[in-house]
Amino acid sequence: MSVRRASRAAFSLKAFGVYLLGLGAILALVPNLLLTTFGFAATEEIWIRVLGVVVFNIGIYYWYAGVCEARAFFVASVFARLLVLLSFATFAALGLAKPNLVTFGVLDALGGAWTWAALRADARSS
């Protein structure tokens, strides 16, 4: 009996899931550490912690999608992560957010590009 190796795309989703788990935990537990590091004002508002919980939970989805080889989720995530970059860039361009926010959008888009390339590589090798 052979053991099937996880796809490249699955690995990219699990790696992005780990990133989101870490980011979510930081936002929920010590948000001002991240905010001030990236040039944003410290806050005592609950919403940044709420966002942290949401990001952490999305990280769980990414991890399990990778474990389950949920191909439709892989493809959808590529477009969703590009939308994050476009949204954050728009917020910055309209003066609604500091340009530093775009950094997080770039990380999302790079993760999406990695998944897209991995999906293509997996398709070629199967």
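All values below were derived from every heavy atom in this structure, side-chain atoms included, with hydrogens, water molecules and symmetry-related copies excluded.
Proximity of Ser7 to Phe74: side-chain heavy atoms (C-beta onward) are separated by under 4.5 Å at one or more points. Side chains of Asp122 and Arg71 form a contact here, defined as non-hydrogen atoms less than 4.5 Å apart. No side-chain heavy atom of Ile60 sits under 4.5 Å from any side-chain heavy atom of Trp63. The shortest side-chain heavy-atom distance between Arg8 and Thr115 does not fall under the 4.5 Å cut-off.
Taking OG from Ser87 and CG from Leu101, the interatomic distance works out to 9.5 Å, rounded to the nearest 0.5 Å. In this structure, Trp116 CH2 and Phe79 CZ are separated by 5.0 Å, a value rounded to the nearest 0.5 Å. How far SG of Cys68 is from CG of Leu13: 11.0 Å, rounded to the nearest 0.5 Å.
Nearest heavy-atom pair, Leu33 versus Thr37, reported as atom, atom and distance to 0.1 Å: O-OG1, 2.5 Å. Taking all atoms of both residues into account, the shortest heavy-atom contact from Ala92 to Pro99 is CB-CA, 3.9 Å. Across every non-hydrogen atom of Ala65 and Phe73, the tightest pair is CB-CD2, 3.4 Å. In terms of heavy atoms, Phe56 sits closest to Ala25 at CD1-N, 4.0 Å. Listed here is the closest heavy atom pair of Lys98 and Phe40: CB-CE2, 3.6 Å. The two residues Leu29 and Pro31 have their closest heavy-atom pair at C-CD, 3.5 Å.
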Report, one line per pair, each donor and acceptor closer than 3.5 Å where one atom sits in a side chain of residues 103-113; sequence neighbours left out.
from, atom 1, to, atom 2, distance (Å)
Thr103, OG1, Asn100, O, 3.1

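Residues Val84 and Val102 fall into different hydrophobic clusters, defined by Ile, Leu, Val, Met, Phe, Trp and Tyr side chains chained together at heavy-atom separations under 4.5 Å. Using a 4.5 Å cut-off between side-chain heavy atoms of Ile, Leu, Val, Met, Phe, Trp and Tyr, with links allowed through other members, Leu82 and Ile58 fall into different hydrophobic clusters. In terms of hydrophobic clustering, with Ile, Leu, Val, Met, Phe, Trp and Tyr side chains grouped at heavy-atom distances under 4.5 Å, Val54 and Tyr64 are assigned to different clusters. In terms of hydrophobic clustering, with Ile, Leu, Val, Met, Phe, Trp and Tyr side chains grouped at heavy-atom distances under 4.5 Å, Phe38 and Leu85 are assigned to different clusters. A continuous path of hydrophobic side-chain contacts links Leu23 to Val30 [ILVMFWY only; heavy atoms under 4.5 Å].
When the shell of 6.0 Å around CH2 of Trp114 is examined, it contains more than 12 heavy atoms from other residues, nucleotides or ligands. Atom OH of Tyr19 sits in a crowded spot, with more than 12 heavy atoms from other residues, nucleotides or ligands closer than 6.0 Å.
With sequence neighbours excluded, the residues satisfying side chain to side chain contact (heavy atoms under 4.5 Å, CB included) with Asn32 are Leu35, Ala42, Thr43, Glu44. Remark: Leu51 pairs with Leu27, Ile48, Val55 by the side chain to side chain contact (heavy atoms under 4.5 Å, CB included) rule, at least two apart or across chains.
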